[in-house]
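Structure record follows, encoded as C-alpha coordinates.
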Amino acid sequence: ECPNKKYKTTFRAIDGNGKEVKGISISIQRNDEKQYTAQSSKPIYLYDGEYTASCTVDNMQVQQDFKVNDGASTITLQAVPYIASGQCGDNLTWTLDQNGLLTISGTGNMDDYENAGYQPWYYFGEEINSIDVHEGVTSIGDSAFDNCSSVETVRLAKSVKSIGTNAFWGCAMSELIIPDGVEVIGDYAFVRCYNLFSITIPDSVISIGEYAFNECQELESVKISKGVANIGVGAFGQCNGLKKIEVADENASYSSKDNVLFDKDMNTLLQYPGGISGSYDVPNGVVSINKDAFFHSMVTNVNLSGSVET
(Lines give C-alpha, C1' and ligand atoms only; values in the text may rest on other atoms or scores of the structure.)
Protein backbone atom coordinates (compact mmCIF):
# COMPACT_ATOMS: atom_id res chain seq x y z
CA GLU A 1 0.00 0.00 0.00
CA CYS A 2 1.25 3.44 -0.89
CA PRO A 3 0.69 5.55 2.25
CA ASN A 4 -0.18 8.65 0.17
CA LYS A 5 -2.55 6.91 -2.25
CA LYS A 6 -6.28 7.36 -1.70
CA TYR A 7 -9.22 6.33 -3.83
CA LYS A 8 -12.50 8.10 -4.46
CA THR A 9 -15.35 6.34 -2.69
CA THR A 10 -19.00 7.38 -2.92
CA PHE A 11 -21.87 6.08 -0.81
CA ARG A 12 -25.47 5.78 -1.97
CA ALA A 13 -28.17 5.47 0.70
CA ILE A 14 -31.36 3.81 -0.55
CA ASP A 15 -34.59 3.86 1.46
CA GLY A 16 -37.11 1.04 1.83
CA ASN A 17 -38.94 2.21 -1.29
CA GLY A 18 -35.83 2.03 -3.45
CA LYS A 19 -35.27 5.79 -3.60
CA GLU A 20 -31.88 7.40 -3.09
CA VAL A 21 -31.56 9.63 -0.02
CA LYS A 22 -28.88 12.32 -0.13
CA GLY A 23 -27.06 13.89 2.80
CA ILE A 24 -27.28 10.86 5.10
CA SER A 25 -24.41 10.66 7.60
CA ILE A 26 -22.25 7.56 6.99
CA SER A 27 -20.00 6.12 9.72
CA ILE A 28 -16.97 4.29 8.34
CA GLN A 29 -14.60 2.05 10.27
CA ARG A 30 -11.44 0.56 8.85
CA ASN A 31 -10.22 -2.86 9.99
CA ASP A 32 -7.35 -1.15 11.81
CA GLU A 33 -9.97 0.68 13.93
CA LYS A 34 -9.55 4.09 12.22
CA GLN A 35 -12.88 5.87 11.87
CA TYR A 36 -14.20 8.26 9.24
CA THR A 37 -17.44 10.09 8.48
CA ALA A 38 -18.97 10.75 5.09
CA GLN A 39 -22.27 11.89 3.58
CA SER A 40 -24.28 9.92 1.07
CA SER A 41 -23.85 11.06 -2.54
CA LYS A 42 -20.70 13.01 -1.67
CA PRO A 43 -17.31 11.39 -2.39
CA ILE A 44 -14.67 10.70 0.24
CA TYR A 45 -11.11 9.55 -0.40
CA LEU A 46 -9.97 6.41 1.43
CA TYR A 47 -6.78 4.35 1.56
CA ASP A 48 -6.64 0.72 0.47
CA GLY A 49 -8.19 -1.58 3.03
CA GLU A 50 -11.24 -3.31 4.42
CA TYR A 51 -14.01 -1.19 5.90
CA THR A 52 -17.47 -1.29 7.42
CA ALA A 53 -19.95 1.49 6.62
CA SER A 54 -23.14 2.05 8.58
CA CYS A 55 -25.99 4.56 8.59
CA THR A 56 -29.64 4.96 9.50
CA VAL A 57 -32.21 5.26 6.70
CA ASP A 58 -35.96 5.48 7.42
CA ASN A 59 -35.19 4.58 11.05
CA MET A 60 -33.54 1.38 9.82
CA GLN A 61 -29.90 0.67 10.61
CA VAL A 62 -27.91 -0.43 7.59
CA GLN A 63 -24.38 -1.88 7.61
CA GLN A 64 -22.15 -2.91 4.72
CA ASP A 65 -18.63 -4.34 4.51
CA PHE A 66 -16.52 -3.19 1.59
CA LYS A 67 -12.97 -3.02 0.26
CA VAL A 68 -11.06 -0.14 -1.27
CA ASN A 69 -8.33 -1.10 -3.71
CA ASP A 70 -6.92 0.37 -6.88
CA GLY A 71 -9.69 2.58 -8.14
CA ALA A 72 -12.84 4.58 -7.50
CA SER A 73 -15.89 2.76 -6.16
CA THR A 74 -19.51 3.32 -5.23
CA ILE A 75 -20.94 1.60 -2.14
CA THR A 76 -24.70 1.15 -1.86
CA LEU A 77 -26.35 1.03 1.55
CA GLN A 78 -29.81 -0.42 0.98
CA ALA A 79 -32.47 -0.21 3.68
CA VAL A 80 -34.55 -3.38 3.70
CA PRO A 81 -37.91 -3.09 5.47
CA TYR A 82 -38.22 -4.88 8.80
CA ILE A 83 -40.83 -7.54 9.36
CA ALA A 84 -40.21 -7.64 13.12
CA SER A 85 -38.15 -5.89 15.80
CA GLY A 86 -37.77 -5.62 19.55
CA GLN A 87 -35.42 -5.59 22.51
CA CYS A 88 -32.97 -8.34 23.51
CA GLY A 89 -30.96 -6.67 26.27
CA ASP A 90 -31.02 -3.57 28.44
CA ASN A 91 -29.41 -1.58 25.65
CA LEU A 92 -29.77 -3.99 22.74
CA THR A 93 -32.35 -4.17 19.97
CA TRP A 94 -33.03 -6.71 17.24
CA THR A 95 -34.49 -6.38 13.79
CA LEU A 96 -35.44 -8.98 11.21
CA ASP A 97 -35.70 -7.77 7.63
CA GLN A 98 -37.65 -9.27 4.75
CA ASN A 99 -34.48 -10.90 3.38
CA GLY A 100 -34.06 -13.00 6.52
CA LEU A 101 -31.26 -10.97 8.15
CA LEU A 102 -31.44 -10.83 11.94
CA THR A 103 -29.42 -7.87 13.25
CA ILE A 104 -28.44 -7.33 16.89
CA SER A 105 -27.25 -3.81 17.70
CA GLY A 106 -26.61 -1.51 20.64
CA THR A 107 -24.27 -1.88 23.62
CA GLY A 108 -23.84 -4.42 26.38
CA ASN A 109 -24.91 -7.99 27.05
CA MET A 110 -27.67 -9.90 25.31
CA ASP A 111 -30.42 -11.43 27.38
CA ASP A 112 -30.18 -15.13 28.27
CA TYR A 113 -33.07 -17.42 27.31
CA GLU A 114 -34.15 -20.61 29.03
CA ASN A 115 -34.52 -22.37 25.68
CA ALA A 116 -35.38 -21.68 22.04
CA GLY A 117 -39.05 -21.05 22.80
CA TYR A 118 -38.23 -17.95 24.85
CA GLN A 119 -36.33 -16.06 22.13
CA PRO A 120 -38.18 -12.93 20.97
CA TRP A 121 -37.63 -14.03 17.35
CA TYR A 122 -38.72 -17.63 17.98
CA TYR A 123 -41.76 -17.50 15.70
CA PHE A 124 -39.59 -16.27 12.82
CA GLY A 125 -36.97 -19.00 13.27
CA GLU A 126 -37.39 -20.60 9.84
CA GLU A 127 -37.21 -17.22 8.12
CA ILE A 128 -33.82 -16.26 9.63
CA ASN A 129 -30.98 -17.15 7.25
CA SER A 130 -28.22 -14.84 8.51
CA ILE A 131 -27.23 -13.18 11.77
CA ASP A 132 -25.26 -9.96 12.11
CA VAL A 133 -24.10 -8.97 15.60
CA HIS A 134 -22.89 -5.37 15.52
CA GLU A 135 -19.98 -3.73 17.29
CA GLY A 136 -20.91 -2.82 20.86
CA VAL A 137 -22.61 -6.12 21.68
CA THR A 138 -20.56 -7.87 24.38
CA SER A 139 -22.25 -11.26 24.78
CA ILE A 140 -24.35 -13.81 22.92
CA GLY A 141 -27.07 -14.96 25.31
CA ASP A 142 -27.84 -18.52 26.36
CA SER A 143 -29.99 -20.23 23.69
CA ALA A 144 -30.03 -16.98 21.70
CA PHE A 145 -30.13 -18.69 18.29
CA ASP A 146 -30.89 -22.22 19.45
CA ASN A 147 -32.54 -24.21 16.62
CA CYS A 148 -32.46 -21.37 14.08
CA SER A 149 -31.87 -24.17 11.62
CA SER A 150 -31.97 -22.03 8.45
CA VAL A 151 -29.08 -19.79 9.53
CA GLU A 152 -26.22 -20.15 7.04
CA THR A 153 -24.21 -17.00 7.80
CA VAL A 154 -23.11 -15.59 11.15
CA ARG A 155 -21.07 -12.47 11.71
CA LEU A 156 -19.86 -11.61 15.21
CA ALA A 157 -18.36 -8.23 16.11
CA LYS A 158 -14.98 -7.96 17.79
CA SER A 159 -16.70 -6.56 20.90
CA VAL A 160 -18.25 -9.95 21.74
CA LYS A 161 -16.58 -11.45 24.83
CA SER A 162 -18.70 -14.51 25.55
CA ILE A 163 -20.90 -16.99 23.67
CA GLY A 164 -23.57 -18.50 25.88
CA THR A 165 -24.78 -22.03 26.54
CA ASN A 166 -26.70 -23.52 23.56
CA ALA A 167 -26.22 -20.21 21.73
CA PHE A 168 -26.05 -21.60 18.18
CA TRP A 169 -27.37 -25.14 18.72
CA GLY A 170 -28.45 -26.60 15.38
CA CYS A 171 -27.56 -23.67 13.11
CA ALA A 172 -26.58 -24.47 9.51
CA MET A 173 -23.53 -22.27 8.85
CA SER A 174 -20.57 -23.92 7.13
CA GLU A 175 -18.08 -21.25 8.18
CA LEU A 176 -17.65 -19.34 11.40
CA ILE A 177 -15.10 -16.72 12.39
CA ILE A 178 -14.81 -16.49 16.16
CA PRO A 179 -13.44 -12.98 16.67
CA ASP A 180 -10.26 -12.37 18.62
CA GLY A 181 -11.87 -10.93 21.72
CA VAL A 182 -14.15 -13.81 22.67
CA GLU A 183 -13.00 -15.27 25.99
CA VAL A 184 -15.64 -17.87 26.80
CA ILE A 185 -17.45 -20.37 24.57
CA GLY A 186 -20.28 -21.87 26.60
CA ASP A 187 -21.46 -25.45 27.05
CA TYR A 188 -23.22 -26.86 23.97
CA ALA A 189 -22.70 -23.53 22.17
CA PHE A 190 -22.40 -25.05 18.67
CA VAL A 191 -23.83 -28.53 19.14
CA ARG A 192 -25.22 -30.10 15.94
CA CYS A 193 -24.00 -27.37 13.62
CA TYR A 194 -23.81 -30.16 11.07
CA ASN A 195 -22.38 -28.08 8.21
CA LEU A 196 -19.54 -26.45 10.15
CA PHE A 197 -16.33 -27.36 8.35
CA SER A 198 -13.43 -25.96 10.38
CA ILE A 199 -12.84 -23.96 13.54
CA THR A 200 -9.95 -21.75 14.63
CA ILE A 201 -10.01 -20.81 18.29
CA PRO A 202 -8.40 -17.34 18.65
CA ASP A 203 -5.80 -16.41 21.25
CA SER A 204 -8.36 -14.54 23.35
CA VAL A 205 -10.39 -17.67 24.20
CA ILE A 206 -9.75 -18.98 27.72
CA SER A 207 -12.51 -21.55 28.12
CA ILE A 208 -14.36 -23.94 25.78
CA GLY A 209 -17.39 -25.46 27.47
CA GLU A 210 -18.60 -29.05 27.70
CA TYR A 211 -19.86 -30.47 24.37
CA ALA A 212 -19.33 -27.05 22.76
CA PHE A 213 -18.86 -28.46 19.24
CA ASN A 214 -20.29 -31.92 19.81
CA GLU A 215 -21.97 -33.66 16.86
CA CYS A 216 -20.64 -31.20 14.26
CA GLN A 217 -20.54 -33.97 11.68
CA GLU A 218 -18.77 -32.08 8.88
CA LEU A 219 -16.10 -30.57 11.14
CA GLU A 220 -12.71 -31.70 9.83
CA SER A 221 -10.16 -29.56 11.64
CA VAL A 222 -9.78 -27.65 14.88
CA LYS A 223 -6.99 -25.23 15.79
CA ILE A 224 -6.63 -24.43 19.48
CA SER A 225 -4.64 -21.31 20.33
CA LYS A 226 -2.21 -20.61 23.12
CA GLY A 227 -4.70 -18.94 25.44
CA VAL A 228 -7.12 -21.82 26.04
CA ALA A 229 -6.89 -22.98 29.65
CA ASN A 230 -10.04 -25.09 29.91
CA ILE A 231 -11.69 -27.52 27.48
CA GLY A 232 -14.84 -29.24 28.74
CA VAL A 233 -15.69 -32.91 28.34
CA GLY A 234 -16.87 -33.85 24.86
CA ALA A 235 -16.14 -30.42 23.39
CA PHE A 236 -15.18 -32.03 20.07
CA GLY A 237 -16.84 -35.40 20.56
CA GLN A 238 -19.05 -37.25 18.05
CA CYS A 239 -17.57 -35.21 15.20
CA ASN A 240 -17.36 -38.06 12.73
CA GLY A 241 -15.48 -36.05 10.12
CA LEU A 242 -12.84 -34.68 12.49
CA LYS A 243 -9.33 -35.66 11.43
CA LYS A 244 -7.13 -32.87 12.69
CA ILE A 245 -6.72 -31.33 16.14
CA GLU A 246 -3.86 -28.85 16.43
CA VAL A 247 -2.78 -27.13 19.64
CA ALA A 248 -0.40 -24.17 19.62
CA ASP A 249 3.00 -25.09 21.05
CA GLU A 250 2.78 -22.11 23.41
CA ASN A 251 -0.38 -23.41 25.09
CA ALA A 252 0.34 -24.05 28.78
CA SER A 253 -2.54 -26.46 29.41
CA TYR A 254 -2.96 -28.65 26.32
CA SER A 255 -1.02 -30.40 23.58
CA SER A 256 -1.67 -32.54 20.53
CA LYS A 257 0.17 -35.46 19.03
CA ASP A 258 -0.84 -37.23 15.82
CA ASN A 259 -4.01 -35.07 15.86
CA VAL A 260 -5.07 -36.41 19.27
CA LEU A 261 -5.79 -33.96 22.11
CA PHE A 262 -3.92 -34.36 25.43
CA ASP A 263 -3.21 -32.31 28.50
CA LYS A 264 0.11 -30.45 28.38
CA ASP A 265 2.20 -33.24 29.92
CA MET A 266 0.41 -35.94 27.92
CA ASN A 267 -0.72 -37.68 31.09
CA THR A 268 -4.36 -37.63 30.00
CA LEU A 269 -5.79 -38.43 26.58
CA LEU A 270 -8.71 -36.03 26.18
CA GLN A 271 -10.11 -36.48 22.67
CA TYR A 272 -9.47 -38.82 19.77
CA PRO A 273 -10.60 -37.28 16.44
CA GLY A 274 -13.74 -39.11 15.40
CA GLY A 275 -12.93 -39.21 11.69
CA ILE A 276 -9.69 -41.20 11.89
CA SER A 277 -10.23 -44.91 11.39
CA GLY A 278 -7.97 -47.88 12.05
CA SER A 279 -5.99 -48.94 15.08
CA TYR A 280 -4.57 -46.51 17.65
CA ASP A 281 -1.71 -47.08 20.09
CA VAL A 282 -2.02 -44.99 23.23
CA PRO A 283 1.40 -43.41 23.85
CA ASN A 284 3.47 -44.67 26.76
CA GLY A 285 3.20 -42.27 29.69
CA VAL A 286 -0.54 -41.68 29.37
CA VAL A 287 -2.07 -42.43 32.78
CA SER A 288 -5.76 -41.76 32.13
CA ILE A 289 -8.22 -41.55 29.25
CA ASN A 290 -10.97 -38.98 29.43
CA LYS A 291 -14.67 -39.85 29.45
CA ASP A 292 -16.03 -40.07 25.89
CA ALA A 293 -12.54 -39.68 24.37
CA PHE A 294 -13.29 -42.42 21.80
CA PHE A 295 -17.10 -42.24 21.87
CA HIS A 296 -18.65 -42.55 18.38
CA SER A 297 -15.24 -42.38 16.72
CA MET A 298 -14.21 -44.50 13.73
CA VAL A 299 -11.29 -46.12 15.54
CA THR A 300 -11.39 -49.91 15.17
CA ASN A 301 -8.97 -50.92 17.90
CA VAL A 302 -7.30 -49.13 20.85
CA ASN A 303 -4.07 -50.57 22.22
CA LEU A 304 -3.41 -49.42 25.76
CA SER A 305 0.10 -48.79 26.99
CA GLY A 306 1.23 -50.20 30.31
CA SER A 307 1.09 -46.77 31.93
CA VAL A 308 -2.70 -46.39 31.60
CA GLU A 309 -4.45 -46.65 34.96
CA THR A 310 -7.97 -45.27 34.31
Side-chain angles (χ1 to χ4, degrees), residues 16 54 56 58-63 78-157 159-179 182 184-196 199 208-219 232 235 238:
S54 58
T56 301
D58 285 352
N59 294 318
M60 291 181 276
Q61 189 170 5
V62 185
Q63 184 167 296
Q78 174 78 55
V80 180
Y82 303 151
I83 61 173
S85 62
Q87 194 164 3
C88 56
D90 290 343
N91 296 299
L92 295 182
T93 57
W94 66 274
T95 60
L96 177 63
D97 71 25
Q98 62 186 17
N99 291 336
L101 172 63
L102 177 63
T103 300
I104 312 296
S105 57
T107 57
N109 292 336
M110 188 185 295
D111 288 338
D112 292 322
Y113 304 101
E114 184 175 342
N115 56 50
Y118 289 84
Q119 306 153 344
W121 42 81
Y122 171 71
Y123 293 104
F124 302 96
E126 293 186 359
E127 300 177 46
I128 301 170
N129 56 47
S130 56
I131 297 169
D132 193 351
V133 178
H134 283 189
E135 196 68 28
V137 180
T138 52
S139 76
I140 306 299
D142 292 351
S143 295
F145 310 112
D146 182 356
N147 278 321
C148 291
S149 58
S150 298
V151 171
E152 296 182 350
T153 304
V154 174
R155 171 182 163 169
L156 302 178
S159 56
V160 173
K161 301 296 182 186
S162 65
I163 299 173
T165 299
N166 301 338
F168 292 94
W169 182 307
C171 290
M173 62 278 194
S174 59
E175 294 182 317
L176 176 69
I177 297 176
I178 299 175
V182 171
V184 177
I185 298 173
D187 297 345
Y188 303 91
F190 297 96
V191 165
R192 296 181 181 174
C193 291
Y194 292 129
N195 297 329
L196 201 56
I199 286 293
I208 301 172
E210 293 184 358
Y211 305 99
F213 296 93
N214 203 275
E215 293 187 68
C216 292
Q217 304 290 6
E218 297 297 319
L219 187 63
Q238 300 191 75

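Computed from heavy atoms alone, side chains included, the values below leave out hydrogens, waters and symmetry copies.
Residues Glu127 and Ile83 are in side-chain contact: their nearest non-hydrogen atoms beyond the backbone lie under 4.5 Å apart. With contacts defined as side-chain heavy-atom distances shorter than 4.5 Å, the pair Tyr188/Asp146 does not qualify. Between Asn166 and Asn115 there is no side-chain heavy-atom pair separated by less than 4.5 Å. Residues Ile163 and Leu156 are in side-chain contact: their nearest non-hydrogen atoms beyond the backbone lie under 4.5 Å apart. Gln63 places a side-chain heavy atom less than 4.5 Å from the side chain of Asp132. Two residues are said to be in side-chain contact when any heavy atoms from C-beta on lie closer than 4.5 Å; Thr103 and His134 meet this criterion. For the pair Phe145 and Val151, the minimum side-chain heavy-atom distance is 4.5 Å or more.
A donor-acceptor contact shorter than 3.5 Å links the side chain of Asp187 to the backbone of Glu210. Distance alone, capped at 3.5 Å, is enough to place a donor-acceptor pair between the Thr138 side chain and the Gly108 backbone. Using a distance-only test at 3.5 Å, with no hydrogens or angles considered, no donor-acceptor pair links the side chain of Ser143 to the main chain of Ala116. The closest donor-acceptor contact from the side chain of Glu152 to the backbone of Ala172 lies at 3.5 Å or more, if one exists at all. Side-chain N or O atoms of Ser139 include none that pairs as donor or acceptor with a backbone N or O of Asn109 at under 3.5 Å.
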**Asked** Given the rule in the side chain to side chain contact (heavy atoms under 4.5 Å, CB included) test, do Cys88 and Ile104 qualify, once you have shown the distances and angles that lead to the verdict?
**Response** CA-CA 8 Å; Cys88 56; Ile104 312 296; 3.9 Å; yes

Go through the steps to decide whether Trp169 and Asn147 satisfy the test side chain to side chain contact (heavy atoms under 4.5 Å, CB included), and finish with yes or no.
-> CA-CA 6 Å; Trp169 182 307; Asn147 278 321; 4.0 Å; yes

Yes or no on side chain to side chain contact (heavy atoms under 4.5 Å, CB included) for Leu176 and Phe168, after CA distance, side-chain angles and deciding distance?
-> CA-CA 11 Å; Leu176 176 69; Phe168 292 94; 5.9 Å; no

Evaluate the criterion side chain to side chain contact (heavy atoms under 4.5 Å, CB included) for residue pair Val160 and Val133; output intermediate values, then yes/no. CA-CA 9 Å; Val160 173; Val133 178; 4.0 Å; yes

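Under the side chain to side chain contact (heavy atoms under 4.5 Å, CB included) criterion, Gln238 pairs with Asn214, Glu215, Phe295, His296, sequence neighbours left out.
Counting only N and O atoms by type, the side chains of Ser150 and Asn129 include no donor and acceptor under 3.5 Å apart.
Using bins of under 30°, 30° to 60° and over 60° for the plane-to-plane angle, the ring pair Trp121/Tyr113 lands in the perpendicular bin.
Under the side chain to side chain contact (heavy atoms under 4.5 Å, CB included) test applied with Leu196, the options Gln217, Met173, Glu175, Glu218 reduce to a single match, Met173.
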